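Right, one structure below, let's go through it.
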2 protein chains.
Amino acid sequence: MAARAGVSIATVSFTFSQPHRVKSATATAVLEAAAELGYVPSGNARGLARGRTGAIGIFSFDYMVDGSGDPDPDSVAADAASTSANTFPLYVDEVQYGAETESRRLGYALMLGGARTLPGEHAVTDIVGRVDGLITFSGIVPLEMMRGFAGRLPIVELSGEVRLEGVHTVTVENEAGMRAMTEHLIDQHGAKRICYVGTSTTAEFAARYEGYSGAMRDAGLAPQPPLESRPAREHTTIAAISGQLTLGMPDAFLFASDQEAIVALRLFEQLGVSVPRDVKVASFDGILAGLLVSPTLTTVQQPMHAIGRAAVGVIVDALAGRPDIRHVRLPLALRIRQSCGCGGTD
Amino acid sequence: MAARAGVSIATVSFTFSQPHRVKSATATAVLEAAAELGYVPSGNARGLARGRTGAIGIFSFDYMVDGSGDPDPDSVAADAASTSANTFPLYVDEVQYGAETESRRLGYALMLGGARTLPGEHAVTDIVGRVDGLITFSGIVPLEMMRGFAGRLPIVELSGEVRLEGVHTVTVENEAGMRAMTEHLIDQHGAKRICYVGTSTTAEFAARYEGYSGAMRDAGLAPQPPLESRPAREHTTIAAISGQLTLGMPDAFLFASDQEAIVALRLFEQLGVSVPRDVKVASFDGILAGLLVSPTLTTVQQPMHAIGRAAVGVIVDALAGRPDIRHVRLPLALRIRQSCGCGGTD
DNA sequence: TTCGAAAATCAAAGCGCTTAGATTTTGATT
DNA sequence: AATCAAAATCTAAGCGCTTTGATTTTCGAA
């Protein structure tokens, strides 16, 4: 390449990264030679030499349906199934989308990686070794690894509550959000027996439950213990609800996530239970699929794009030399729609 | 790092990439030291030394609303607007999602880049320099650049028809799809005056128009010249329709893309034109937003995830040494819903 | 024409890894 | 205890760029 243009490799390098240092005639020659040869500077070599890659990594996971493989929404034969709520972007997808937008805006490439199959660990290190900063969802990267990485590059953990030293976080007001929703059910709909369905095994989910139980107590009502259920594990949700139904129908079901609520909606339909007439339903996340189900889902809206954008912002700030660890906490908003009985159409 | 574990750097390297070549006791020591130091092999150095990065790039663009910046769907204050069809994933997003899934499955990291702002070119080379293969949408990378890249790494161009030597392609049956839809309007709904709205400046769009005009001619009807309009440029769509309306209401409007059809639906609502009663509407793409509008959109479904997956597959095959250039062409399916008057609900 | 500072270019030392090929260690066999 | 092949480890030469400091050009001023 350098030879082709009749200059040294240093000059080629300058042409691409510091054009002002090169005579314009030379630059032209270099660029021409590059075009002829299809030459492109190697990002690897550049990254190695500069000590920076110019890329940000985002490590997520597949919140996919029961790990049952892809439902292949594309097979041409597919019909109704292919447009079911399952194929809609979920929480992680939306957050990632926000991160894409922002990193692109700031001139960083985004490198995607995920804990897909078995070698979960392997995959992270793979990403970590290639980027200047890492965004990861809570709970998919083992704590010790995080700790190790934290010293090497800026890391922001999303939607977690575990404060690891040196790790930035971006979270939402889980407790306040769920509290507000619970209050809505109590105040606007006179609900008294509200069943909470969802896990509380992570700090984030625990906070949601706290919001619910706090609101219940404040209203002089008895919070129920959470009915254990997990998003993307339909049978757990179905089991939780079925169990409750044998004990009687509550005024409302409050779900820790939209995904679980949507499963419930489907179950209720099968059982001939009418929502919101027979029981009110509300949940948490604000994924798009919530708009497509019938009734539309009343939910606590997470600012998913903003979360992604904030994460990138934090990384870029850190890269720019701001050394302080940041903990961003974003507010939530209620989306009052049909499933709680408000009849809203958005 | 090597020192810390008391071994040479070669041994460290072997430990990470060819564990079987290292005594297990040694491996343990290395891994321990790595954990202590938070060491992660540098992807850049590795890529440089190996001549492969293990990443696939996807270069897309923002088919965003009028370049008017992000509509910020997340502001907590946002209400109805935030859940409008605009925030739904569009064609490129869905394709990208398919690519993500597949590359993850095959153990490749995906590097995202886009022609966001001005320096369109710069961005591509940036990505090209960092990946083993590139997926790009048609028309955003100048032909000469493509030609140059094609010699250096496998490239697949999506949804284009321009066959560039050495460039793989993944496309769909644009003409057949649009023909089928046109026939549906004619045969099932007795439509005679069908207006085609959309650009035909790219081969892909031109093929769609061909499908329409071919079907019209075959039915003994007169195909209209296309009313020029472009997706994500609302005013062009509105102008196209308004212009037609002054000439009279056709039996049906057939749009080159869902995005344009959705704009039209909104316009018709404002004008008090009832769809499908006063005029039938159908289009092309099958984006999710088409399910959320009222009436739901009858459209030609593109297998977007499959397109993304196929693209990755082609790249990986090429990387595996299969030297032949592949041109994958995927079939389409009609999604007959409400806007054509069929009343389907999917 | 000559001189010197500024501009342009270059040589060479890394950046952190991989991988031949060389060297040392290990361990089963004499 | 001696021998030797196999196993484990190491040395060192890159990989393609950036960047410092040195060298050469350029060009206005003397």
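Keep in mind it's a predicted model, so treat the numbers as computed, not measured. So that the names make sense, note that chain A is the first sequence line, chain B the second, and so on, each numbered from 1.
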message: Without decimals, in angstroms, what is the distance between A/Phe16 CZ and D/dT19 C1'?
response: 17 Å
message: Is the shortest side-chain heavy-atom distance between B/Val131 and B/Ile56 below 4.5 Å?
response: no
- prompt: How are the rings of A/Tyr39 and A/Phe16 set relative to one another: parallel (under 30°), tilted (30 to 60°) or perpendicular (over 60°)?
  reply: tilted
query: Quick one: which of C/dC17, D/dC17, D/dC10 gets closest to the side chain of B/Val7?
result: D/dC10
message: Between C1' on D/dC10 and CZ on B/Arg21, what's the gap in Å once rounded to a whole number?
response: 11 Å
query: Taking CZ from B/Phe14 and P from D/dT11, how many angstroms apart are they, rounded to a whole number?
result: 13 Å
- request: Give the rounded distance in Å between these two atoms: CZ of A/Arg50 and C1' of D/dT19.
  value: 11 Å
- request: Calculate the interatomic distance between A/Arg52 atom CZ and D/dT19 atom P; express it in whole Å.
  value: 12 Å
Those residues that, when tested against A/Gln18, pass side-chain contact (heavy atoms from CB on, under 4.5 Å) (two or more places apart): A/Phe14, A/His20, A/Arg21
query: To the nearest angstrom, how far is A/Asp126 atom CG from C/dG16 atom P?
result: 19 Å
task: Scan A/Ser13 against the nucleic acid and name what it touches under 4.0 Å (heavy atoms): base, sugar-phosphate only, or nothing.
output: base
statement: So the salt bridge (charged side-chain N to carboxylate O under 4.0 Å, His left out) pairs with at least one residue in residues 8-19 of chain B (sequence neighbours excluded) are none
- prompt: Within the pair A/Ser42 and D/dG16, is there a side-chain N or O less than 4.0 Å away from OP1 or OP2?
  reply: no
- request: Among the candidates D/dA8, D/dT18, D/dC17, find the nucleotide nearest to the side-chain atoms of A/Tyr39.
  value: D/dC17
message: Please report the distance, rounded to the nearest Å, between CD1 in A/Ile9 and C1' in C/dG14.
response: 12 Å
task: Let me know the distance between CG of A/Leu48 and C1' of D/dC17, rounded to the nearest Å.
output: 8 Å
message: If you assign each of A/Ala49 and B/Lys23 to its closest nucleotide in DNA chain D, which residue comes earlier from the 5' end?
response: B/Lys23
